[in-house]
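The structure under discussion appears below in the form of structure tokens.
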Amino acid sequence: MQTLTNKDKSYVANTYNRFPVEILSGKGCYFYDANGKEYIDMGSGIGVNAFGASDDEWKSAVIEQLNKVQHTSNLYYTEPCAELARLLCQKTGFKKVFFGNSGAEANECAIKIARKWAADNKGKDCFKIVTLENSFHGRTITTLAATGQEHYHELFNPLTDGFIHTPANDIEALRKTVKENNIAAVLIECIQGEGGVIPLNADFVKELENLSKEHNFLIMVDEVQTGNGRTGKLYAYMNFGLKPDVVSTAKGLGGGLPIGAALLSERVENVLGFGDHGSTYGGNPICAAAAISVINRLTDEFLADVKLKSDYVFNEFKKANGVVTVSGMGLMVGIKTEKPAAEVVKAAIEKGVLCLTAKDKVRLLPPLNIPMDALKKAVDIIKSCM
Ligand SMILES: *Cc1c(COP(=O)(O)O)cnc(C)c1O
């Protein structure tokens, strides 16, 4: 019989350089392999399993909907889709929600809205969107064009036209870009995730807001990774006092099922009309039911607890040996280590802790409800690998 690893290597496309870990099952912040080896999960499937693996409350929400109906298409009304949209609007003040299935699709929706809004309000020749250098916005041809990292582009040119990249946290460069181009929108991550867990400076965000008023363009925030409680607020823009026109999100929203969303402010809620955009699975009842259970649990009390755990993690790593810098917010943590990050992650896996990398950093995105004792154990193990 072929081993799982060999079968995967034989038949699954070669796009993933997997770690030598075969996961059979999981519960909470733990994953188990076929030999019963336990791993503490400090990556939550790249920020997806907000409440860990096979969480009971999340599972019952999914199973309850599974027993009703799994999919209907967007030709008909279903309760979970409408209720999730209502809940997101009520908690954020946004007016409408468009549902897709992934982060890239949520960003595609944002980009289409920016283009149509600009054409409607500023003229057909206004379509350019500014994004930040070192950003990450997805893998489709258009979201790759938005992504400000050349090495993702090289193999796939020509990409979608109309994106301009400017350095993050460089106010002068941003002013210049905005003044020299007739732009439709600026798309930012409040904390660059894949780019190395790098937060934007408050004054850069403030200047972006000023410029958007002066030059009449949309502010769009990619909260695919930072959203849904990850930074200790429901959405990361709330840490910056920012009022975006569009927010895209995915990853943690479904707690492990594929759902993405674009949140639309009053300014853009009616930009897209019948037939202008769509998604066969978008707002699927199972994924929406999962997301309702996730969003309902992100109460102020719960988020206060995320912040307490965050303080613990930041304090521990700031004073640890072998650490150069610690960055991020909430339970989105980037640690620059003296040793190469890949070596730290490899050693941690051997000792039963799964963590991520982002550029040259060790990146931690544990389940938001990770118990304190498991968190302490994982932090100690990671420190011992540095
Ligand atoms: C992961 C990620 C995406 C892409 O999400 P997919 O669901 O993989 O399409 C986009 N933007 C950011 C900030 C991300 O972290």
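The basis for the numbers below is simple: all heavy atoms, side chains too, and nothing from hydrogens, waters or symmetry mates. Because the structure is predicted, anything quoted here is derived from the model rather than measured.
- Here the CG atom belonging to L253 is positioned 12.0 Å from the OG atom belonging to S102, to the nearest 0.5 angstrom.
- Within a 6.0 Å sphere centred on CD of E64, heavy atoms belonging to other residues, nucleotides or ligands number 12 at most.
- Residues D311 and K307 are not paired through a salt bridge, judged by the lack of any N-O separation under 4.0 Å between the basic side chain and the carboxylate.
- Heavy-atom minimum distance, D276 versus V271: OD2-O, 4.1 Å.
- Looking only at side-chain heavy atoms (C-beta outward), E209 and F240 stay at 4.5 Å or farther from each other.
- Between N321 and M386, the shortest heavy-atom distance links the atoms O-CE, 3.7 Å.
- Taking the six-membered ring where tryptophan is involved, the planes of H153 and H165 are tilted, since the angle between them lies from 30° to 60°.
- Once rounded to the nearest 0.5 Å, the distance linking NZ of K116 with CG of N121 reads 9.0 Å.
- A distance-only check finds a donor-acceptor pair linking the side chain of N134 to the backbone of G195 [under 3.5 Å].
- A donor-acceptor distance shorter than 3.5 angstrom exists from the side chain of N74 to the backbone of G282, with no hydrogens or angles considered.
- Enclosure of atom OH in Y32 by more than 12 non-hydrogen atoms of other residues, nucleotides or ligands within 6.0 angstrom is indicated.
- Under the 4.0 Å criterion applied to side-chain N and carboxylate O atoms, K346 and E343 are not assigned as salt-bridge partners.
- Taking CG of L365 as the start and CG of N49 as the end, the distance is 11.0 Å to the nearest 0.5 Å.
- A donor-acceptor contact shorter than 3.5 Å links the side chain of K37 to the backbone of E350.
- Rounded to the nearest 0.5 angstrom, L132 CG and D170 CG are separated by 10.5 Å.
- With hydrogens and angles disregarded, no donor-acceptor distance shorter than 3.5 Å links the side chain of D41 to the backbone of F31.
- Atom NZ of K27 is surrounded by more than 12 heavy atoms from other residues, nucleotides or ligands within 6.0 Å.
- Hydrophobic clustering of Ile, Leu, Val, Met, Phe, Trp and Tyr side chains at less than 4.5 Å, counting indirect connections, keeps L159 apart from V130.
- At a threshold of 4.5 Å between non-hydrogen side-chain atoms, the residues I219 and Y237 do not count as touching.
- A pairwise comparison of heavy atoms in L331 and P366 identifies O-CD, 3.6 Å as the closest pair.
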Task: side chain to side chain contact (heavy atoms under 4.5 Å, CB included) evaluation trace for K318 with V323 - done: CA-CA 7 Å; K318 275 183 180 159; V323 171; over 6 Å; no

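- The environment of CD1 in I46 is sparse: at most 12 heavy-atom neighbours from other residues, nucleotides or ligands sit within 6.0 Å.
- A 4.5 Å side-chain heavy-atom check between F163 and T147 finds every atom pair outside the cut-off.
- Counting heavy-atom neighbours within 6.0 Å of E214 CD, excluding the residue itself, gives a total above 12.
- The shortest distance between side-chain heavy atoms of E207 and D203 does not fall below 4.5 Å.
- V62 and V69 are assigned to two separate hydrophobic clusters, defined by single-linkage of ILVMFWY side chains at heavy-atom distances under 4.5 Å.
- A chain of hydrophobic side-chain contacts below 4.5 Å, direct or via other Ile, Leu, Val, Met, Phe, Trp or Tyr residues, connects M332 to F302.
- For the pair F94 and L264, the tightest heavy-atom approach, listed with the atom from each and the gap, is CD2-C, 3.4 Å.
- Residue K91 qualifies as enclosed at atom NZ: its count of foreign heavy atoms under 6.0 Å is above 12.
- Atom NZ of K243 has 12 or fewer heavy atoms from other residues, nucleotides or ligands within 6.0 Å.
- Remark: the backbone N or O of P80 is not paired with any side-chain donor or acceptor of T78 at under 3.5 angstrom.
- Without hydrogens or angle criteria, K383 side chain to A320 main chain gives no donor-acceptor distance under 3.5 Å.
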Open item on the list: Under the criterion side chain to side chain contact (heavy atoms under 4.5 Å, CB included), I'd like the reasoning laid out for V197 against V333: C-alpha separation, chi angles, the key distance, then a yes or no.
Closed with: CA-CA 7 Å; V197 197; V333 186; 5.8 Å; no

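- A donor-acceptor distance shorter than 3.5 angstrom exists from the side chain of T131 to the backbone of A146, with no hydrogens or angles considered.
- Although no hydrogens or angles enter the test, the distance criterion places no donor-acceptor pair under 3.5 Å between the side chain of K251 and the main chain of V224.
- Inter-residue side-chain proximity for R230 and L368 is flagged as met; some heavy-atom pair is nearer than 4.5 Å.
- Atom-to-atom distance recorded for E316:CD and D380:CG is 6.5 Å, nearest 0.5 angstrom.
- Of all heavy-atom pairs between R139 and T143, the closest is N-OG1, 3.3 Å.
- A side-chain N or O of E22 and one of T5 form a donor-acceptor pair less than 3.5 Å apart.
- Counting only N and O atoms by type, the side chains of E105 and N101 include a donor and acceptor under 3.5 Å apart.
- Between S135 atom OG and D222 atom CG the span is 8.5 Å, to the nearest 0.5 Å.
- Using a 4.5 Å cut-off between side-chain heavy atoms of Ile, Leu, Val, Met, Phe, Trp and Tyr, with links allowed through other members, I141 and I111 fall into different hydrophobic clusters.
- When each of H137, Q149, K359, R363 is checked for a side chain to side chain donor-acceptor pair (under 3.5 Å) with E194, only R363 meets the rule.
- Between F217 and L211 the shortest side-chain heavy-atom distance falls below 4.5 Å.
- More than 12 heavy atoms of other residues, nucleotides or ligands lie within 6.0 Å of NZ in K122, so this atom counts as buried by the packing criterion.
- A pairwise comparison of heavy atoms in G252 and A50 identifies O-CB, 3.9 Å as the closest pair.
- Residues F51 and E57 form no side-chain contact, since every pair of their non-hydrogen atoms from C-beta on lies 4.5 Å or further apart.
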TODO: Could you give me the CA-CA distance, side-chain angles and deciding distance for I382 and C385, then say whether side chain to side chain contact (heavy atoms under 4.5 Å, CB included) is met?
DONE: CA-CA 5 Å; I382 297 165; C385 299; 5.6 Å; no

- [ ] Please test F99 against N284 for side chain to side chain contact (heavy atoms under 4.5 Å, CB included), starting from the C-alpha separation and ending with a verdict.
- [x] CA-CA 9 Å; F99 292 115; N284 167 283; over 6 Å; no

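- Using a 4.5 Å cut-off between side-chain heavy atoms of Ile, Leu, Val, Met, Phe, Trp and Tyr, with links allowed through other members, L242 and V186 fall into the same hydrophobic cluster.
- Remark: the backbone N or O of A53 is not paired with any side-chain donor or acceptor of W58 at under 3.5 angstrom.
- D33 contributes a side-chain N or O that, together with a main-chain N or O of N35, makes up a donor-acceptor pair within less than 3.5 Å.
- Residues F98 and K96 have side chains not in contact (no heavy-atom distance under 4.5 Å, counting atoms from C-beta outward).
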